[in-house]
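Every chain is numbered from 1 and lettered A, B, ... according to where its sequence line falls, protein lines coming before strand lines.
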Amino acid sequence: MMPAVLAAVVAQNVFFYLIASIMVYAALRVVTSSNIVHAALYLVVVLAGVAAQFLLLGAEFVGITQVLVYIGAVVVLFLFGIMLTRAKVGSEDNLDHDNRWPAILTAVMLVLVMAYAVIDFAGDSEIAVLDQSETTVQQVSDAIFSTYIVAFEAISVLLLAALIGAIVVARKE
Amino acid sequence: MYLVQFLLLSAVLFCIGVYGVLVRRNAVLVLMSIELILNAVNINLVAFGAFNRDVGAAIPGEVFALFIIAVAAAEVGVGLAMVLTIYRNRKSIDLHQVDLLKG
Amino acid sequence: MHAFLAAEGPSAAIQAGGWFLENVWIIPAIMACSFAIILFFGKRMPKGGSEIGIAAVLACFVLSLLTGAQWISEVNRADNCVAVEISEGKYECESHEGAGEQASAFGEVLGAAEEESEGAYGAGLKAVVSERTWWSNGGVNFTIGTMADGLTVTLLAVVTLVSSLVHIYSTDYVAGDRRFTHYFAFLSLFTAAMLFFVTSANTLQMIVGWELVGVCSFALIGHWWEDQANSDAALKAFLTNRVGDMGLLIGMIVLFFASGETWSIIDINKLAIDHTTSHTLLLISALCLLTAVMSKSGQFFLHTWLPDAMAGPTPVSALIHAATMVVAGIYLVARLYGVFFEGLSIAGSSINALALIGGITTLVGASLAFVQDDIKKVLAYSTISQLGYMALALGVGAWTAAIFHLFTHAFFKALLFLGAGSVSHAVHSFNMKTDMGGMRKFMPTTYKTFLIGSIALAGLPPLAGFWSKDEILVGTGGWGFFEGKPHSNGAYTVMLIMGMITAAMTAAYMTRVIYLTFYGEFRGGHHDDDHGHADAHDAHHGDPHESGPRILWPLRILAFLAVTVGFLNLPPGFLGLPKGLTERFGHYVEPSSAAKYFPKINHADPSWSLAIFSTIVVLSAVAAAYWYYFVKVNRQSPAATELVNGPTSRSSVLKAGHTLLKNRYYLDHIYDSGKPVPAVGAGIVASLFGLAAGSALGFTLDNGLNQAFLPSLTWGLSLGTVVFGIVGLALSTGVGVASFVKKPLAWATNWTHENLLDATVDQVGVRSVQAAEAVYKHIDQGVIDTAVNSAGAGSSGAGGELRRLASGKVQQYGTIMFAGATLLAGLMIIII
Amino acid sequence: MISLVSFVGLFAEAFNRPPIDWHALAPEITLLVVGALVTLLDVVLLEKGRAITPAIAGLGLLAVLVPIVTLAVDGVASNPRMAFGGSEVYVVDGYSLVLKALFIIIAYLVVLMSTNYIAEGDYWESEYYGMLLSSVLGMLVMASARDLITVFVALELLSIPAYLLATWRKRDLKSNEAGLKYYLNGVFASALMLYGMSLLFGVSGSTILVEINAAIGEAAASTAIISLGIVLVIVGFAFKVSAVPFHLWAPDTYEGSPTPITAFLAVGAKAAGFVALMNLIFVGFWSRSDVYSPALWILAALTMTIGNLTALRQNNLIRLMAYSGVAQAGFMLAALTVAGESAEIAQTSASAVVTYLIIYAAMNLGAFAIILAVTRRTASAEVAAFDGLFQWAPALAVLMTVFLVSLAGIPPLGGWYAKFSVFTALLEANVWWAYVLAGLAAINTVIAFGYYGRLASRMWFEKAPDSLDTTSLRVPFALQAAIAITAVATIAFGVYPAAVTHFSDIDVPAAAAALVP
């Protein structure tokens with residue numbers, strides 16, 4: 001058994017670093033690309049990477065939902081937004097503004113603080129390897145419909161309200 | 001797998017997102033950067049859940065992530081609606097020009 | 001041999017009672033109803049609502065007198081019996097053996113019975129407190145109620161009497177005014193608020209009453225708000241008072257907690273006297289409350305609103321800014337005397353913050369009264385000076401003297417104000433130099449009454465002012481220093497000297513006023529063409545004329561009182577008079593320490609030598625001023641107001657002094673140069689610095705040092721308060737101040753050769769002003785924007801680009817939010 | 001068929017529905033029904049429904065008070081009810097009930113203020129009330145939420161409709177901008193808050209606040225992550241209550257939004273933010289006062305001071321009210337700083353904040369109602385437009401003065417008691433930094449008078465602009481009612497504070513008290 005577990009661990013780590021580096025690159029492109037459509041496509045890469053990480057962590061249901069909701073719906077919404085606001089499909093010079101440095105400074109400070117805190121906490125603790133036979137989908141739904149039922153109902157009202165409100169606001173008169 | 005590698009990935013994604021929302025002129029790009037931030041949080045939640053699986057934290061973590069995905073979808077919808085209205089009134093979605101109110 | 005130490009008094013206090021004393025709430029309630037009725041129905045009434053106000057205030061006056069009479073009879077009852085404790089812890093009064101020879105009402109001649117055991121101040125009578133629960137919360141019972149004792153009834157009588165006369169006087173003075181009804185409504189509300197204030201049984205009610213009189217003052221100063229100067233003055237008064245209110249709130253809240261969560265005045269005093277309350281906390285609250293006293297009672301350096309408040313109608317000045325509202329601060333100290341007496345360690349000391357502030361105020365006020373051309377301003381500064389006198393008296397422990405001076409001052413100062421109003425009613429101006437002169441020919445009654453008021457104010461025997469002033473001077477205990485005799489609560493020699501100088505100055509400036517107003521040649525008359533009340537005055541063709549009976553009768557009544565009220569408190573043993581005739585005021589008004597809510601204070605021996613000396617001082621001041629004006633100026637020309645080649649033009653030092661006075665010590669410049677808000681800020685910073693210094697020293701004191709060092713440290717403390725206060729003032733008055741502070745300071749340097757002090761203060765002031773201004777101006781978005789934009793925008797692009805980047809950008813807000821969160825989180829991670 | 005039944009039966013076995021306490025959930029459900037009714041009405045009656053929509057919304061809100069009262073009568077205050085079995089996820093206790101009632105009354109007053117404003121303008125009417133009701137539903141949920149997920153969803157439910165309402169005057173560039181700024185800043189704040197929540201979840205392994213409190217109280221080894229988590233969560237709500245430096249959106253959004261919505265944001269949303277903060281601090285973070293006390297101290301000091309100083313420089317009344325609201329939030333934050341000192345102090349602190357919220361709601365809504373009434377004539381919220389108000393609308397001027405005096409904290413109006421209770425909390429804590437904060441608060445009380453007093457004096461002493469029509473003003477009935485209710489409340493709370501302490505003297509919503517050694 002040991003070698004198998006070890007192999008799984010090695011494989012997982014390899015996958016993690018591979019996906020993570022792709023994600024970071026794509027994320028950087030999302031915020032720096034001068035072509036707005038390219039940015040949207042890079043976003044798809046990041047979102048897919050996140051879904052892959054979920055799978056690595058044994059959260060299949062969230063991973064699948066991620067793909068469905070984000071890549072299936074949200075990105076499409078973005079593309080609609082891009083088209084409706086008649087953004088140029090090609091590259092544009094003027095997508096960022098001049099005061100980039102304060103933003104960089106803020107982001108770097110923030111990442112340093114966060115990194116310090118999480119390294120201080122997590123150190124070299126490992127995530128236990130998941131027993132693959134266990135499924136979480138049913139547990140997730142049980143939790144949603146018992147402990148988090150109020151939140152679930154609230155979110156349904158929220159989605160309805162957002163829908164109606166967005167129509168009223170975006171509607172052409 | 002170490003917990004810290006997920007957490008660091010999440011922190012980096014979060015801050016890239018922060019950078020994006022702070023410098024992008026185009027409102028749609030800002031909304032995209034917000035998605036980066038929210039996804040970073042989701043990685044954190046699921047990773048912490050897996051880490052604390054033995055105390056039964058995996059499920060709350062995943063549920064939390066699901067709720068965030070749902071809310072994020074609603075937020076994007078609302079945000080795009082507002083961007084569209086602004087575009088209709090101003091013929092531009094450059095956030096830097098939206099500064100009628102100040103002081 | 002009269003006991004100068006406080007009499008022992010009966011071992012147990014006797015509870016006073018009586019319908020009027022228990023139901024004293026009726027008096028403010030009547031005035032409050034009057035306010036409501038005038039407000040809602042006044043306009044429809046034949047006399048615009050004034051009849052309601054007058055009826056109400058007269059009714060209140062009568063009730064006050066009845067209440068006073070009842071208190072007097074209760075004191076007599078207490079004198080005539082000894083308290084016997086009965087089983088339930090109550091006290092019962094039993095007839096004293098040989099009680100027949102005791103004092104009863106004043107004026108009754110009695111045998112010279114010696115009552116060593118009780119003494120003149122010995123009646124151990126407790127105040128009448130009627131309370132009911134308002135609501136209770138978290139174990140704290142909030143009550144609402146009234147408290148009546150000698151101090152209360154004195155104030156009731158003064159307020160209602162002066163208010164009655166002012167009401168009557170006003171029916172003539174503001175006749176035909178477009179806001180006649182509003183005017184009377186606010187007079188009623190003001191009277192109600194003041195009466196509510198003086199009958200409060202707890203500090204919470206005092207705060208409410210205090211604020212209400214402030215609001216009324218605001219409304220009445222701004223009565224003619226169409227003139228910008230008037231509404232500015234109203235605002236200034238209100239803002240300055242807010243500085244004090246902060247002190248009041250903090251002080252009262254500190255007292256509340258220091259005395260174990262009680263608002264009750266009696267309990268607070270009791271715990272302070274018992275030394276149950278921490279001395280440090282008492283000191284802090286006393287200093288905070290002192291800020292409130294400074295603003296409300298026009299004490300240096302928050303006095304500048306009071307002269308400006310003269311923008312209001314003259315009867316209002318008489319009522320509010322001379323006789324009643326401004327004494328609220330004095331009343332506050334007197335009411336919470338236990339707190340001040342213990343907190344400032346008045347006994348056995350030679351200086352303290354209250355006495356020092358009072359002393360400085362009295363000198364500052366008197367010196368400024370010299371150079372005013374406006375008769376009301378002279379009286380306003382005189383009021384400041386006299387209020388300083390009262391504060392000084394309280395500061396040296398001469399409680400009765402202070403209240404007695406409050407009492408006499410109310411009459412003669414109201415008289416002087418109303419007299420000034422009468423003159424101005426005739427000449428339509430308050431300027432003595434351009435519009436008055438020789439008025440005695442036109443207005444004989446006004447002249448005579450004004451003269452009486454002036455003599456009373458100057459403090460010449462036997463008028464009222466003399467007696468109260470003399471008592472204060474005696475009370476300082478400073479004369480003992482010269483006589484080698486035992487003194488009073490402390491040896492306040494400095495205060496005695498300050499008081500003496502003020503007495504001289506007061507006499508001199510009043511002589512000046514009398515000359516400029518009533519002697520010489522009439523200099524007015526150019527107002528004939530645009531005569532305000534043209535129809536009524538046409539017959540006189542510009543000659544000023546005597547006012548009508550509704551103005552003159554109040555003057556006559558007040559003049560009579562200004563002559564006589566001084567006899568209410570003749571010094572003990574005066575001309576061998578029996579006990580029943582001397583010290584009546586003190587006997588009935590001063591609470592006994594046996595009643596346990598008033599500290600045990602000493603009473604100084606009266607001194608013939610001091611009385612004679614002070615009279616000589618006053619007379620010489622009158623003589624000097626007389627020689628200058630009545631002889632020299634008048635000889636130059638009957639129409640002249642100053643000597644052409646007078647001392648101020650000959651001596652540069654005197655000239656400089658005159659300029660300084662003319663500019664009111666530049667204080668108003670400091671306050672006014674910025675917006676009112678920085679001025680308020682300055683006051684706050686000032687008082688806070690004082691507070692901080694006070695508490696720091698207080699803590700050291702309580703923890704580290706022997707109690708015997710208290711007096712000397714209190715001295716340092718008071719000095720610290722003043723110095724910090726002035727520095728603090730300079731700090732936050734805006735950029736304009738920088739140059740402004742420099743000038744007088746540089747000037748002061750030459751004068752006093754204090755180079756070091758100047759340089760330090762100047763530098764600190766300027767630098768702090770710059771820093772404060774930068775923070776103030778850019779605090780919200782400026783600093784952050786500058787930080788955010790500096791990399792890109794640079795400093796030179798002050799034009800459109802920078803303006804465009806300046807604000808309103810949502811992503812800048814975002815940057816600030818993320819950066820703020822990061823910094824806050826980083827900080828927390830580092831410090832924990 | 002049989003196989004289908006057994007299939008269903010399989011799931012029925014696997015999933016045990018927790019017992020639901022329907023009575024405890026009745027207020028939320030009633031509100032949901034009202035919201036559905038308003039939406040359906042529009043679908044069925046179309047244009048004809050417009051006239052009665054506000055009435056239905058208003059009455060519906062009042063109907064929600066009925067289950068709240070029955071719950072109170074039922075003794076919820078002394079005996080909290082868990083909506084689902086024994087889990088500390090959704091708790092209905094005295095504290096949450098008082099706040100729910102407060103939210104409902106605020107919403108009712110906002111409906112009164114909106115009635116004419118929305119009907120006379122060109123707005124989507126029934127959707128407007130639908131948005132308002134769903135936002136209020138979020139607030140109700142927030143009052144009872146005791147776990148991170150519910151808090152988060154409640155926050156979004158109350159925020160997202162509010163973002164949309166801020167932009168409701170959609171042809172107006174300013175309104176668009178107001179909505180967008182609110183939305184973006186809100187999303188940024190939620191992002192920070194979510195990250196903080198994820199860290200706290202990671203440390204404790206639970207989303208339930210009581211369990212988080214227990215876990216982070218022990219985990220002394222890893223304070224950095226706890227500090228970061230707590231601070232970021234607090235920042236998320238500091239945005240909501242417009243604490244400095246997260247307040248910059250507030251003046252812009254308030255100025256651009258429809259005025260009734262401004263009032264709703266300034267009072268309702270702010271109160272909801274405080275409720276969330278209280279839930280988190282008293283239930284979730286209570287054991288870590290070493291983290292939240294200093295953080296809140298800094299925020300409170302900055303908020304009071306900068307809010308007040310900036311308000312001094314405002315020429316637009318709405319912006320002035322925005323900064324004044326920032327400053328008032330500072331006072332409430334100040335009361336929260338001492339929450340962790342002891343169980344008794346926690347009690348005082350919670351009562352002080354609830355007291356402040358109730359009184360603040362009355363006086364601030366009153367001020368906004370009068371601004372609404374006056375701007376019907378002046379069409380401008382510049383301070384100059386209020387010059388000489390006393391000449392042409394004396395009643396409004398007098399009442400506005402009442403509200404301003406109350407906001408400034410002068411007795412005997414409500415505001416003084418609110419400030420007094422904050423001072424009480426600070427001083428009773430008896431620690432040096434609380435004294436310093438109390439001193440700062442006292443200074444700010446005085447500074448605040450600068451702008452309230454300036455405004456009041458301009459209403460009384462200035463001349464009305466010549467161009468203005470100064471015939472007497474007719475105020476619509478609904479607005480009159482709103483002004484009357486708020487004025488009576490403002491005066492009553494000051495003259496008879498028991499009227500408010502009766503409600504605000506609630507038990508700490510917490511396990512906090514139970515955790516005290």
Side-chain angles (χ1 to χ4, degrees), chain A residues 12-13 16 20 24 27-28 30-31 36 39-40 43 46-47 50 53-54 57-59 61-62 65-66 69 73-74 77-78 81-82 84-85 94-97 100 103-104 106-107 110-111 114-115 118-119 122 124-128 136 139-140 143-144 148 151 155 158-159 162 165-166 169-170, chain B residues 1-9 11-20 22-26 28-29 31-33 35-36 39 42-43 46-47 49-51 53-54 58-63 65-67 69-78 80-85 87-88 93 96:
Chain A
Q12 279 176 337
N13 272 331
F16 172 82
V24 171
L28 284 171
V30 172
V31 296
I36 188 165
L43 181 65
V46 181
L47 297 174
V50 173
Q53 300 288 13
F54 288 158
L57 287 164
F61 185 64
V62 187
T65 317
Q66 169 86 2
V69 175
V74 172
L77 215 53
F78 278 129
I82 292 167
L84 284 172
T85 56
N94 216 7
L95 282 177
D96 296 357
H97 31 82
R100 182 176 298 157
I104 292 180
T106 307
L110 191 56
V111 81
M114 287 176 169
V118 296
I119 292 171
D124 49 1
S125 0
E126 291 192 39
I127 297 176
T136 59
Q139 290 171 338
V140 167
I144 287 177
Y148 304 112
I155 220 165
L158 165 66
L159 286 168
V169 167
Chain B
M1 290 185 295
Y2 294 105
L3 171 61
V4 76
Q5 62 198 38
F6 289 96
L7 301 186
L8 285 177
L9 172 66
V12 169
L13 276 186
F14 191 99
C15 293
I16 292 174
V18 167
Y19 170 77
L22 297 184
V23 296
R24 292 302 221 174
R25 278 171 178 272
N26 185 308
V28 177
L29 283 171
L31 295 181
M32 289 184 195
S33 306
E35 295 309 317
L36 288 181
N39 275 282
N42 277 351
I43 294 181
V46 175
F51 174 65
R53 197 184 298 279
D54 51 341
I59 302 305
E62 289 180 26
V63 172
L66 284 172
F67 276 117
I69 291 173
V71 169
E75 271 180 353
V76 169
V78 168
L80 280 173
M82 286 187 183
V83 170
L84 278 182
T85 328
Y87 177 76
R88 194 166 290 133
I93 51 169
H96 242 210

For chain A, the option from [options] that forms the most heavy-atom pairs under 4.5 Å:
options                    : result
B/V4, B/I16, B/L7, B/N42   : B/I16
B/V46, B/V78, B/V63, B/N39 : B/N39
B/L8, B/L3, B/L80          : B/L3
B/T85, B/L13, B/V83        : B/T85
B/G17, B/S33, B/A72, B/A47 : B/A47

Could you tell me which portion of [X] (side chain, backbone, both or neither) has an atom closer than 4.5 angstrom to a non-hydrogen atom of chain A?
X     : value
B/Q5  : both
B/F14 : side chain
B/I43 : both
B/D54 : neither
B/V18 : side chain
B/L9  : side chain

Provide the closest heavy-atom pair for [X] versus [Y] in the form atom of the first, atom of the second, distance.
X     : Y      : answer
B/I59 : A/A143 : CG2-CB, 3.6 Å
B/M32 : A/V30  : CB-CG1, 4.5 Å
B/V76 : B/E35  : CG2-OE2, 2.6 Å
A/G58 : B/E62  : O-OE2, 4.1 Å
A/A40 : A/I82  : CB-CD1, 4.1 Å
A/V62 : B/A65  : CG1-CB, 4.0 Å

Can you tell which of [options] has the highest number of heavy-atom pairs within less than 4.5 Å of chain B?
options                       : answer
A/V74, A/V140, A/I144         : A/V140
A/T65, A/V69, A/V111, A/V24   : A/V111
A/G165, A/A151, A/A73, A/A115 : A/A151
A/I104, A/L158, A/V46         : A/I104

Please look at [X] and chain B and tell me whether the side chain, the backbone, both or neither of the residue comes under 4.5 angstrom of a heavy atom of that chain.
X      : value
A/A20  : both
A/I155 : side chain
A/L110 : both

B/F6: partners by ring-ring contact (aromatic ring centres under 6.0 Å, His included), with sequence neighbours left out: A/F16
CA sep, side-chain torsions, deciding dist, call: A/L84, B/Y87, side-chain contact (heavy atoms from CB on, under 4.5 Å): CA-CA 9 Å; A/L84 284 172; B/Y87 177 76; over 6 Å; no
Any donor-acceptor pair under 3.5 Å from B/R88 side chain to A/A170 backbone: yes
Side-chain heavy atoms of A/T85 within contact of B/L84, under 4.5 Å: yes
Side chain to side chain donor-acceptor pair (under 3.5 Å) partners for A/Q53, two or more places apart: none
